[in-house]
Amino acid sequence: MSIDYRFSVAPMMGYTTPYARYFYRLLSKKAVLFTEMVASQALVRGNQNILCQKNDLENPVILQVGGNDEKDMAKCSNIAEKYNYDGINLNIGCPSKKVLKGRFGACLMQEPIKVSQMVKSIKRESSLEISIKCRTGVDDKDNYDFLKNFIALTSEAGCKVFFVHARKAHLKGLSPKQNRTIPKLEYEKVYKLKNDFPHLKIILNGGINNLNNFNEHYSNLDGIMMGRAIQKNPFILLDVDKKIFKINETDKKNKIKIINNYFIFIQNYIGKISSYHLISPLLAMYFGAPNSKSLKQKINDYIITKNFEKLEKICIDSFS
Ligand SMILES: Cc1cc2nc3c(=O)[nH]c(=O)nc-3n(C[C@H](O)[C@H](O)[C@H](O)COP(=O)(O)O)c2cc1C
């Protein structure tokens, strides 16, 4: 079944864990979710049960992989199928030093033939939908024709879905965090891609902080992807099904019930998984609030002592 890409939550290392994805799914039935990036080498040679951990309730969910070896990629697509992911996404946008050293991520935008080979090899091996997440350019290769050529070659190889983080990546001199804020946003290039490749699915990512302008984006594109805004306030997802997917919820979702369900879910993991990881999908909302110093201290204490009853109470009290 093909995936409805109108709204996705961006892959975020350290955040889009199986626990966060479960929480996000409680808030939206339809948003497409992504894993954190997994290195293809680690996936092929490491502990797949840990790296691919997911709950079937999370679907639709896409496994994001980073790598540059076509044989490994083929194996990754088999693994993604085995663990019931809905799609596999190639990370061609990460500018971190570690990723650059491994010669994958954003630097591969300069090697569209290599990326095309990976696409072909995945397509030969599995029927999973394949997508690419890329930038608008890298370093001084930042004109529209560079981007257009990358999309043309990789789409000819069989990739029909592109998530474009609408900023170029600086491979030297900027940290990943700076690479998400300093390069200017170039939405017009992403719009132009859809114009030039109307048969492809083009999804816009970068700097979208709310659902206000979604109509404007949809008149030009196939979907939007939001990252940090959801990490800071996952409750934005409560509006996604109704506003974007036009699903009328008969049972009005209740924030307290959702928090309740999430704490029931994580009970099985207490003591096995770091308490911080389990509570992290909710943390940014409280840590970001003004005058939150004493609240933060309390939350930290409860995390250390694994007092999940008190943690749940704090979350629920904030809505009453
Ligand atoms: C903490 C953090 C981790 C990220 N990890 C990944 C990742 O694993 N894979 C990836 O493709 N992008 C990653 N990104 C980039 C996001 O997917 C997204 O492209 C970027 O944050 C811009 O979207 P936004 O402005 O909506 O946040 C990460 C971003 C953040 C903030």
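Residue numbers run from 1 in the order of the sequence given. Numbering of ligands and ligand atoms starts at 1, following listing order. The shown structure was predicted, so the numbers you read here are calculated from the model rather than taken from an experiment.
- The closest approach between G206 and ligand 1 falls below 4.0 Å for a heavy atom of the residue.
- Note that CZ of R25 and CG of N261 are 14.5 Å apart. Values are rounded to the nearest 0.5 Å.
- The side-chain tip of K192 points at the ring of Y144 from less than 6.0 angstrom away and within 45° of straight on.
- Checked against a 3.5 angstrom limit, the closest N/O atoms of M37 and ligand 1 fall inside it.
- Scanning all protein heavy atoms for the shortest distance to atom 12 (N) of ligand 1 gives K133 NZ, 3.1 Å.
- When heavy-atom distances to ligand 1 are checked against a 4.0 Å cut-off, H165 comes that close only through its side chain, counted from C-beta outward.
- Compare R228, M13, R167 by their heavy atoms: the one nearest to atom 27 (O) of ligand 1 is in R228.
- Interface atoms of ligand 1 facing Y15, defined by a heavy-atom separation under 4.0 Å, are 1 (C).
- Checked against I256 for a side-chain contact (heavy atoms from CB on, under 4.5 Å), the options I258, N254, I259 give a single hit: N254.
- Judged by the 6.0 Å distance and 45° axis criteria, K54 is not positioned over the aromatic ring of Y83.
- Scanning the protein for heavy atoms near atom 11 (O) of ligand 1, the closest one is Q64 NE2, 2.8 Å.
- Against a heavy-atom cut-off of under 4.0 Å, M226 is close to the following atoms of ligand 1: 26 (O).
- Protein heavy atom in closest approach to atom 30 (C) of ligand 1: R180 CZ, 3.4 Å.
- For G207, the heavy-atom gap to ligand 1 drops under 4.0 angstrom.
- Using a 4.0 Å cut-off between charged nitrogen and carboxylate oxygen, D72 and R45 count as a salt-bridge pair.
- Classification of the Y262-Y22 ring pair by plane angle, with boundaries at 30° and 60°, yields tilted.
- Considering only non-hydrogen protein atoms, atom 26 (O) of ligand 1 sits nearest to G227 N, 2.8 Å.
- For ligand 1, the atoms closer than 4.0 angstrom to any heavy atom of N91 are 9 (N), 10 (C), 11 (O).
- In terms of protein heavy-atom proximity, atom 23 (O) of ligand 1 is closest to N205 ND2, 3.0 Å.
- Of the listed options A10, C134, P11, P11 places a heavy atom closest to atom 28 (C) of ligand 1.
- Of the candidates V240, V61, V9, Y24 forms a side-chain contact (heavy atoms from CB on, under 4.5 Å) with just one, namely V9.
- Between the side chains of Y187 and E216, no donor-acceptor pair is found at a separation under 3.5 Å.
- Applying side-chain contact (heavy atoms from CB on, under 4.5 Å) to T136 and the options L185, L147, L193 leaves one that passes, L147.
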